[in-house]
Each structure stands twice: as C-alpha cells, then as structure tokens.
Amino acid sequence: MKTIDIEYAIIGAGTAGLGAYSKISRKTDSLVMIQDGPYGTTCARVGCMPSKLLITAADYAHHIDASEFFGVKTGGTVDGPKVLERLRRERTDRFVARNLSYVARIPAHHKIEGRARVIGPGHLIVGEDIEVKAKKVILACGSRPVISEVFQPVMSRVLTRVC
Ligand SMILES: Cc1cc2nc3c(=O)[nH]c(=O)nc-3n(C[C@H](O)[C@H](O)[C@H](O)COP(=O)(O)OP(=O)(O)OC[C@H]3O[C@@H](n4cnc5c(N)ncnc54)[C@H](O)[C@@H]3O)c2cc1C
C-alpha cells in the first residue's frame, strides 16, 4: 500500500472540487485531488450546460407552435437528431473540452484516480492500494437528485440526466 501524507485532500473533481483546487493550489503544493470516473464535471457533461441547450431548442419549438396565433406563419418542424447532434457537439467540443484542458494542466502529483473511502478522520483509502493521510479533507463529491413524491404520476417523463 502506497501512503501519501498531505495537507489537503479534495474528493471529487467536479465544479466544486476544481474550484477548491484552483484556490488551494495557489497557496500550497501539498494537496491531492481524487476523482472517480470521468473528468469534465457533471455540469458540463450531463447537467446544467447541455440541458440548457435542450431547453432553448424546446423554447424555439414552442414559438413555432404558437406563432400563428399572433399572425406569423412559420411552418417549421423539430429535427430531433439534429438538436441532439448540436447538443453533443457543443458539450464535447466546448464545455467538456475546456474543462479537460484545465485538468490536463494540473500536475500529475496532484491527481489521483479512483474511489476514495473515508476510514477515519483525515484518513482515506483510494481504490485498494493508496492510503491518503490529510490534515484537511474537502468533500466535493457531488449529489444525486431527490425527486419529490408529487412527481410519481409523471415519473416516466422526469429527466435528471441528459445523453
Ligand atoms: C440535468 C441537470 C441539469 C442541471 N441544471 C442545473 C442548473 O441549471 N443550474 C445549477 O446550478 N445546477 C444544475 N444542475 C446541478 C449541477 O450540475 C450540480 O449541482 C453540480 O454539477 C454539482 O457539482 P459538484 O462539483 O458538487 O459535483 P460533480 O460535478 O458531480 O462532481 C463530483 C465528482 O466527484 C466524484 N466522486 C464522487 N464520489 C467520489 C469518491 N468517493 N471518490 C472520488 N470521486 C468521487 C464523482 O464521480 C464526480 O465526478 C443540473 C444537474 C443536472 C443533472
């Protein structure tokens, strides 16, 4: 088992973890950021950013639908595959790419890939073979959506992830 003694351990390289990394790395080299799963952040990969492109497309579609009421003839249709193709292109080539290029510039000794488990105060195990002893641990491991019971009748239409 490899042991790393460090001042700061950040668990999670999402928006919160990268924000913490950006601040802490300016004042010390004694830190690691531990990430399980793909880099790129939930927000850019499957969350806020791509979902807003879908919502904007839906907004345009609604205007096509409603325009005749105001005397404006449009006659457009929604090209679903094209909407998704644009969403995926923007997501991959812009939102996530920007993020990955930031992560790529982070020195290798600041990054550990694997799932962290907290086994005691300031004491982590990553995967099976890395032990991290940190004076301060920052939990930036994200969250899962909680869907209220009032949505049960329409659960099949509730989306919490895109793509
Ligand atoms: C469809 C959708 C739309 C959204 N729209 C909006 C919006 O419009 N506005 C808004 O403010 N928010 C929105 N959100 C929420 C927003 O995306 C999240 O709140 C935000 O991305 C959370 O950032 P984070 O850094 O806390 O977590 P994340 O970006 O999820 O990062 C956490 C990371 O930690 C890793 N991790 C977890 N456990 C461990 C572990 N034990 N060891 C190592 N790594 C671990 C995870 O794999 C993950 O990569 C939306 C979310 C979704 C899904």
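Start at 1 and go down the list; that is how both ligands and their atoms are numbered. FYI, the numbering just counts along the sequence from 1.
At least one heavy atom of Gly114 sits less than 4.0 Å from an atom of ligand 1.
With hydrophobic clusters built from ILVMFWY side chains whose heavy atoms lie under 4.5 angstrom apart, Val32 does not share a cluster with Tyr8.
If you take CE on Met33 and CG on Leu18, they are separated by 5.0 Å, rounding to the nearest 0.5 Å. From Arg88, atom CZ reaches atom CG of Asp93 across 13.0 Å, with rounding to the nearest 0.5 Å. A distance of 6.0 Å separates CZ of Arg117 from CD of Glu128, quoted to the nearest 0.5 Å. Between atom CD of residue Gln35 and atom SG of residue Cys141 there is a gap of 10.5 Å, rounded to the nearest 0.5 Å.
Of the candidates Arg115, Arg144, Met49, Glu113, the one placing a heavy atom closest to atom 39 (C) of ligand 1 is Arg115. Compare Met33, Gln35, Arg117 by their heavy atoms: the one nearest to atom 33 (C) of ligand 1 is in Gln35.
Arg45 places no side-chain N or O within 3.5 Å of a backbone atom of Thr92 that could act as its donor or acceptor partner. Without hydrogens or angle criteria, Ser67 side chain to Ile64 main chain gives a donor-acceptor distance under 3.5 Å. A donor-acceptor pair under 3.5 Å is formed between the side chain of Lys111 and the backbone N or O of Val103.
Residue contacts with ligand 1: Ala116 is placed with a nitrogen or oxygen under 3.5 Å of a nitrogen or oxygen of the ligand (distance criterion only). The shortest N/O to N/O separation between Thr42 and ligand 1 falls below 3.5 Å. Considering backbone and side-chain atoms together, Asp36 places an N or O closer than 3.5 Å to an N or O of ligand 1. The shortest N or O to N or O distance between Gly37 and ligand 1 is not under 3.5 Å.
Of all atoms in ligand 1, numbered sequentially from 1 with element shown, those under 4.0 Å from a heavy atom of Cys43 are 17 (O), 21 (O). Each of the atoms 3 (C) of ligand 1 lies under 4.0 Å from some heavy atom of Ser51. Heavy-atom contacts of Ile34 reach the following atoms of ligand 1: 43 (C), 44 (N) (cutoff under 4.0 Å). Listed by atom number, the atoms of ligand 1 under 4.0 Å from Val46 heavy atoms are 1 (C), 53 (C). Each of the atoms 25 (O), 28 (P), 29 (O), 31 (O) of ligand 1 lies under 4.0 Å from some heavy atom of Gly14.
More than 12 non-hydrogen atoms from other residues, nucleotides or ligands lie less than 6.0 angstrom from NZ of Lys136.
Residue contacts with ligand 1 for Lys52 involve side-chain atoms from C-beta outward but no N, CA, C or O (heavy atoms, distance under 4.0 Å). For Ala140, every heavy-atom contact with ligand 1 shorter than 4.0 Å involves the backbone, none the side chain.
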